[in-house]
Protein chains: 2
Amino acid sequence: MCWVLKMKIEVDGRIVLSDILDMPENEVREFFREINNTVLKKGVPKGAIAPEINSFSVDGNEIKVNIISDRHVRAPNALLRIKKAIGKFLSKYKIGVRKVVIDRCYVEIEVDNSIDRLKLPYATSKIEGNTVKFVVENIEEQKIEDGLIDKLINLVKEKSLQSKYKGKTEFWKLEKKSNEKKMLFDENPTKKALELGWISEFPSIGQWIFTPPITKIFRTIEKMIIENIAVKHGFQEAIYPKLIPLEIYAKTGHLKGSAHEMYFAEPPIKRDSEIFEEFYDYVRLGEIPKDMLREKLKPPLYGVCYAQCEPFYQLFSGKIVKLEDLPLKFFDRSGPSFRWESGGVRGLERVNEFHRIEFTYIGAPQDVVEIRDALLKSAIEIVDKKLDLEWRVAQATPVYLAHEGRVSEEKGNFVHSYDLEVYLPFRGGREESNWLEITSFHVHEDHYVRSFKIKEVKKRDIWTGCTGFGLERWLVGFLAEKGFEIEKWPEEIKNMVGELPKPVNFVK
Amino acid sequence: MCWVLKMKIEVDGRIVLSDILDMPENEVREFFREINNTVLKKGVPKGAIAPEINSFSVDGNEIKVNIISDRHVRAPNALLRIKKAIGKFLSKYKIGVRKVVIDRCYVEIEVDNSIDRLKLPYATSKIEGNTVKFVVENIEEQKIEDGLIDKLINLVKEKSLQSKYKGKTEFWKLEKKSNEKKMLFDENPTKKALELGWISEFPSIGQWIFTPPITKIFRTIEKMIIENIAVKHGFQEAIYPKLIPLEIYAKTGHLKGSAHEMYFAEPPIKRDSEIFEEFYDYVRLGEIPKDMLREKLKPPLYGVCYAQCEPFYQLFSGKIVKLEDLPLKFFDRSGPSFRWESGGVRGLERVNEFHRIEFTYIGAPQDVVEIRDALLKSAIEIVDKKLDLEWRVAQATPVYLAHEGRVSEEKGNFVHSYDLEVYLPFRGGREESNWLEITSFHVHEDHYVRSFKIKEVKKRDIWTGCTGFGLERWLVGFLAEKGFEIEKWPEEIKNMVGELPKPVNFVK
């Protein structure tokens, strides 16, 4: 949380009338005094400071007002209240209110934490210790109604929060761990898979072609998860789109903090070969003029699938559900997700394109937590018993905060997120090396329910959760601990995989 | 084919020497006469016109030459030969050749077909009937060596071919068809699926969320195809990346004719949250400044998966294989493909995002044709016997030509492509309505083998082929003919599907 210690807002506003106001100044003063004591006090907590019209002047068909407020009924909002009251008051004189505008709005906020850097949209701002001062000029009525100033104040609060957590590493706390297991391999499995021709490098960063032998192992692990988790816990398969309109990523929050590690996509300006003719000619000459191509495309309209759960919330967006019909439990495994890891790319354990079985669920808070916990329990069973891997579980940063670039929030003692990790012997000793997160288990509370405006028919609480099984990571974790000699593998997976297809044989 | 009836090329070139040429003009004249009669005649067929140095002048350390040629040993090439010969000749005088440049190259080509419109890169051009004239100025040596003029001449030939086929509809010829079958439904299945809550509209063009009931039918059809085709014919599963670098799309030919119906993708300039800070702030205020986002991204680097077979050719790119290790038969079903259908979008039968099982094969020509024919036979068996659909097979435009924006080529009597189509009763009568292509079966000859430089160890011929099963189209074809009353469905698929999960129940 970010605490606002002090707030002061000053608005220079104008109320534009349909006609010249021909009224004694006294009467106007009396009217504004009345408003200060009634309309502007409504909803202000006892003992708190209400907004006040500090001064006014009448000029032709315009009334200029100076309003000062604290945090309760903020000055821009006060201006809108004044507009309504004046409209009523002047109707007997057959004068209407055309519009209100803010010529200048000055805001001063003192927060409980210093901000190191600030650039606000629409505003000029400066930082003095823990106090932020900013000015916005020429705000049209629509923007006032949209709550521009409130949004800017929230932004300052978020930035204060960010500064607070800056430099802090992600939250991580060991919850439990397995016994020490026997490692059958200590090399880097990606290197080995490449040597065997199981994978082939793609001419781009962090993408691989999986040839038949490794694909068979991959699909076996997928089958194991579906049979022992999806089927067991009554999850139903759905198919989610994999190019996500930016409007959805604004609601999920990814566009507030994850865009710098996303891929974006867009179609041509027009589906017309003639506008591409020049481009086609250059390609025929052996060139690929990428900047020319860009000019023939729309601006980015889609994020390429990042979290895989986005369409689940969209399915319920703006809809009314009944608690008795919940929980609903879906999973999707219909296509890859993408992250721009850039220089962070490693072997198969950290790639730009990867496959997940994504479990999503919606229901009563209690149900959602129970479902999440049941998924974790079953996942541990597979990892521990069927694959015989060395694992640990940690409490982690809630996913919806991470995606917005935040690391933690103080919100009860509830554990929102667990990470299931496995040990990678090729990275070094158990204590000092980084383990690999292969699945994370989340409860979002009502985070997405609010942002997608999902309603319950009797306004009862509903929550969502998601759990993503990263298949490449399960695969690499298994190969890193159990190696490439199939005869030494644990019984069940050895039998399920059966005989491996031959890799492609290249003469060179 | 495009026939070139006449060709004339005139080059004004310069040979730049390391020192001033201090030699009697006579001797130079004698040298060029010698070159005209020897070096420039090499490789020119008997009776054909050889290139000729028409005039020359010496100016300090430069020799200017005017060269005229027909199609054999074209003038820019002649200039390169002259450079080599002069280098040899002058070495005894301790003078070297620094470089050659073309100041002006004039080309005149008469083709067998008029061109309606022409704009050539690097050139100014005009059309006179069947003759194209173009001029390119200031060509550096590297571009001469890269064959710029040859590439431009090829481009003129391709454009002549395009004009020839312009307006021609795609090639289509009925090969065979099924008996008339009993239709159990005559409505639009997309509309019905939407009413039932089986599918849900996504807030974008041509994308849908598949909820559990329809997903179960979709996966059943997929299973049917895998068991009865992939397994039966010894295809092995692989996993292909789904963002394809543009360099690969240049090789497949898609960037020469399909870009206007593709989606493109790109990552950020840098994986750094600070360069996105301003963008994040606007999103927090409730806006999505798309043009600002575009500025923070690289130019398009990837095409979003269009044909699904691209990584298969890439796997073999530049590699040497042995015929005895072939044929290799792979299939991929690891994620969606995308086409920007724009206004062409219909229901589930023509969408922007769709799923395919893509079969790809490489081997001896005979094997590739046999594999393709076997896939067609098995696909017909499923459609006819297991799904009881009314179908037909047509000969169609080879896929690798279609993707480059061409419709046909005269190349033997070999059938390169078959389309398997099903009847959609909701579209109207059997004769007058458009049937739906659900799978196409292709032999590419050595088209991709050449463009991806795949070699056979003993230079024996290898071909490739691909066959894409459009799963949404199989689904919509089935629902369009057999409807939504499962108890009336053909026995095998009814049993395989079993009980359907309930659709999501929205109060509103």
Side-chain angles (χ1 to χ4, degrees), chain A residues 121 151 155 200 202-204 207 209-212 215 236-242 245-246 250 255-256 259-261 263-265 267-268 271-273 276 280-285 288 290-291 293-294 297 299-300 304 311 315 319-320 322 325 335-336 340 342 353 405 457 501 505-508, chain B residues 121 151 155 200 202-204 207 209-212 215 236-242 245-246 250 255-256 259-261 263-265 267-268 271-273 276 280-285 288 290-291 293-294 297 299-300 304 311 315 319-320 322 325 335-336 340 342 353 405 457 501 505-508:
Chain A
K151 287 174 181 173
L155 200 51
S200 171
F202 208 53
S204 56
Q207 294 180 291
I209 299 174
F210 277 29
T211 67
T215 303
Q236 301 285 358
E237 187 171 2
I239 295 176
Y240 300 152
K242 294 285 174 279
L246 295 187
L255 289 193
K256 295 177 192 168
H260 61 284
E261 50 178 45
Y263 289 81
F264 294 88
R271 187 167 171 269
D272 178 353
S273 62
F276 277 81
Y280 291 151
D281 287 344
Y282 275 95
V283 176
R284 287 193 173 113
L285 294 187
I288 306 173
K290 288 173 182 167
D291 288 317
L293 176 59
R294 191 205 283 244
L297 303 178
V304 184
L315 177 64
K319 296 274 170 51
I320 301 172
K322 202 198 283 181
D325 294 325
W340 178 242
S342 189
E353 176 170 3
V457 68
N505 183 34
F506 293 115
V507 178
K508 211 175 129 185
Chain B
K151 285 174 181 173
L155 199 50
S200 170
F202 208 54
S204 55
Q207 293 180 291
I209 298 174
F210 278 29
T211 68
T215 302
Q236 300 284 0
E237 187 170 3
I239 295 176
Y240 299 152
K242 295 284 174 280
L246 295 186
L255 289 193
K256 296 177 190 167
H260 61 282
E261 49 178 47
Y263 289 82
F264 293 89
R271 187 166 171 271
D272 178 353
S273 64
F276 277 82
Y280 291 152
D281 287 344
Y282 275 95
V283 175
R284 288 195 172 110
L285 294 186
I288 306 174
K290 288 174 182 166
D291 287 317
L293 176 59
R294 190 204 284 242
L297 304 178
V304 185
L315 177 63
K319 296 273 169 56
I320 302 173
K322 202 196 285 182
D325 294 326
W340 178 242
S342 186
E353 177 171 2
V457 69
N505 183 34
F506 292 116
V507 178
K508 210 174 127 187

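Here is how names work: the chains are called A, B, and so on, in the same order as the sequence lines, proteins then strands, and each is numbered from 1.
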What's the shortest heavy-atom distance between [X] and [Y], and which atoms?
X	Y	answer
A:P245	B:P203	CG-O, 3.6 Å
B:P268	A:H260	CG-O, 3.3 Å
B:A238	A:T215	CA-OG1, 3.4 Å
B:R284	A:L155	CD-CD1, 3.2 Å
A:P241	B:I209	CD-CG1, 3.8 Å

Could you tell me which portion of [X] (side chain, backbone, both or neither) has an atom closer than 4.5 angstrom to a non-hydrogen atom of chain A?
X	answer
B:D281	both
B:L246	both
B:E353	side chain
B:L285	both

Q | Proximity breakdown for A:F202 and chain B, heavy-atom pairs closer than 4.5 Å | A | side chain

Using a 4.5 angstrom heavy-atom cutoff, name the option from [options] with the most pairs to chain A.
options	result
B:P121, B:P336, B:S200, B:A265	B:P121
B:P300, B:P311, B:G335, B:A250	B:P300
B:V457, B:T211, B:L293	B:L293

(Q) So, taking the atom named CZ in B:F276 and the one named CG in A:L255, what distance separates them when rounded to the nearest 0.5 Å? (A) 9.5 Å

